[in-house]
Amino acid sequence: MDWTWSRWETPPKVLENKQVKILWDFQIQTDKMVVANQPDIVVVDKHQKTVVVIDVAIPGDSNIRKKVHEKLEKYQGLKEEIERMWGMKTTVVPVVIGTLGAVTPNLSRWLQQIAGTTSEISVQKSAVLGTAKILWRTLRLPGLW
């Protein structure tokens, strides 16, 4: 199974093999009504019987701590429902990077909970490049200058 795509392309909604299932922007059906049931990424490790709910935000640098708190609160109900329905230990991981690359001191700890080799510097670089791309497109608008 080929799991490669461009950084700027949207990946498939579901990727799965014998070890793991990855859900991208996928609505999780729950028995009990929860406020938020569509996180950015859900990683289900079938062998370890664990679930990682990942939600990403790129707010202004001054709002990163507030946004981390919002993400943890927002997905608490979904976390509890997944643990109850699927019988798997579930963790909510807020990946919050400021538009100019600012991060909280806890980002490295959050990223360690995601399988693979995601580094703090790589997510900061992605956020800053995304900000630069938006600025570049905006500043090239005809009639702006």
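Counting from 1, the numbers follow the sequence of the chain as shown. Being a predicted model, the structure only gives us computed values, none of them experimental.
There is no path of hydrophobic side-chain contacts, each under 4.5 Å, that joins Val103 to Val128. Val42 and Met85 fall within a single hydrophobic cluster, where Ile, Leu, Val, Met, Phe, Trp and Tyr are joined by side-chain heavy atoms under 4.5 Å apart, directly or via other members. Both Val52 and Val20 are part of a single hydrophobic cluster, where members link through side-chain heavy atoms under 4.5 Å apart. Note on Leu78 and Val14: same hydrophobic cluster, where clusters join Ile, Leu, Val, Met, Phe, Trp and Tyr whose side-chain heavy atoms are under 4.5 Å apart, directly or indirectly.
Of all non-hydrogen atoms in Thr91 and Gln113, the two that sit nearest each other are CG2-OE1, 2.7 Å. In terms of heavy-atom proximity, Ala36 sits nearest to Tyr75 at CB-CE2, 3.7 Å. Minimum interatomic distance between Trp24 and Pro12 (heavy atoms only, all atoms of both residues): CB-O, 3.5 Å. Scanning both residues, Gly98 and Ala127, for their nearest heavy atoms gives O-CB, 4.1 Å. Trp110 approaches Val93 most closely through the heavy-atom pair O-CG1, 3.5 Å.
Checked by atom type and distance alone, the side chain of Ser108 never pairs as donor or acceptor with a backbone atom of Asn106 at under 3.5 Å. With Thr104 contributing its side chain and Arg65 its backbone, the two residues share no donor-acceptor pair below 3.5 Å. For Asp61 (side chain) and Leu100 (main-chain N/O), a donor-acceptor pair under 3.5 Å exists by modelled atom type. One N or O on the side chain of Ser119 and one on the backbone of Ser122 form a donor-acceptor pair closer than 3.5 Å.
The cationic group of Arg84 does not satisfy the cation-pi geometry with Trp86, failing either the under 6.0 Å distance to the six-membered ring centre or the 45° limit from the ring axis.
Expressed to the nearest 0.5 Å, how far CG of Leu23 lies from CG of Leu15 amounts to 9.0 Å. The CD atom of Glu70 sits 8.5 Å away from atom CG of Asn63, with the distance rounded to the nearest 0.5 Å. Atom-to-atom distance recorded for Ile58:CD1 and Ile64:CD1 is 10.5 Å, nearest 0.5 angstrom. The structure places OG1 of Thr90 at 8.5 Å from CE of Met88, a figure rounded to the nearest 0.5 Å. Between Ile97 atom CD1 and Gln124 atom CD the span is 7.5 Å, to the nearest 0.5 Å. A distance of 11.5 Å separates OG1 of Thr50 from CD1 of Ile82, quoted to the nearest 0.5 Å.
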(Q) Ile114 vs Ile54, test: side chain to side chain contact (heavy atoms under 4.5 Å, CB included). Steps then yes/no. (A) CA-CA 8 Å; Ile114 302 170; Ile54 305 166; 3.8 Å; yes
Q: Could you check Glu81 against Asp31 for side chain to side chain contact (heavy atoms under 4.5 Å, CB included), going step by step and ending with a plain yes or no?
A: CA-CA 8 Å; Glu81 275 299 287; Asp31 296 336; 4.1 Å; yes
Q | Intermediate values then yes/no, side chain to side chain contact (heavy atoms under 4.5 Å, CB included), Val123 and Leu111 | A | CA-CA 10 Å; Val123 294; Leu111 292 176; 4.0 Å; yes
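Within 6.0 Å of the NZ atom in Lys66, the count of heavy atoms belonging to other residues, nucleotides or ligands does not exceed 12. Residue Arg109 qualifies as enclosed at atom CZ: its count of foreign heavy atoms under 6.0 Å is above 12.
Here Lys79 pairs with Glu83 in a salt bridge; the nearest charged N to carboxylate O distance falls below 4.0 Å.
With sequence neighbours excluded, the residues forming a side-chain contact (heavy atoms from CB on, under 4.5 Å) with Gln27 are Gln29, Asn37, Gln38, listed by chain and number.
At a threshold of 4.5 Å between non-hydrogen side-chain atoms, the residues Pro94 and Asp55 do not count as touching.
For the salt bridge (Lys or Arg N to Asp or Glu O under 4.0 Å) condition, the pairs that include at least one residue of residues 37-50, sequence neighbours left out, are Glu16-Lys46.
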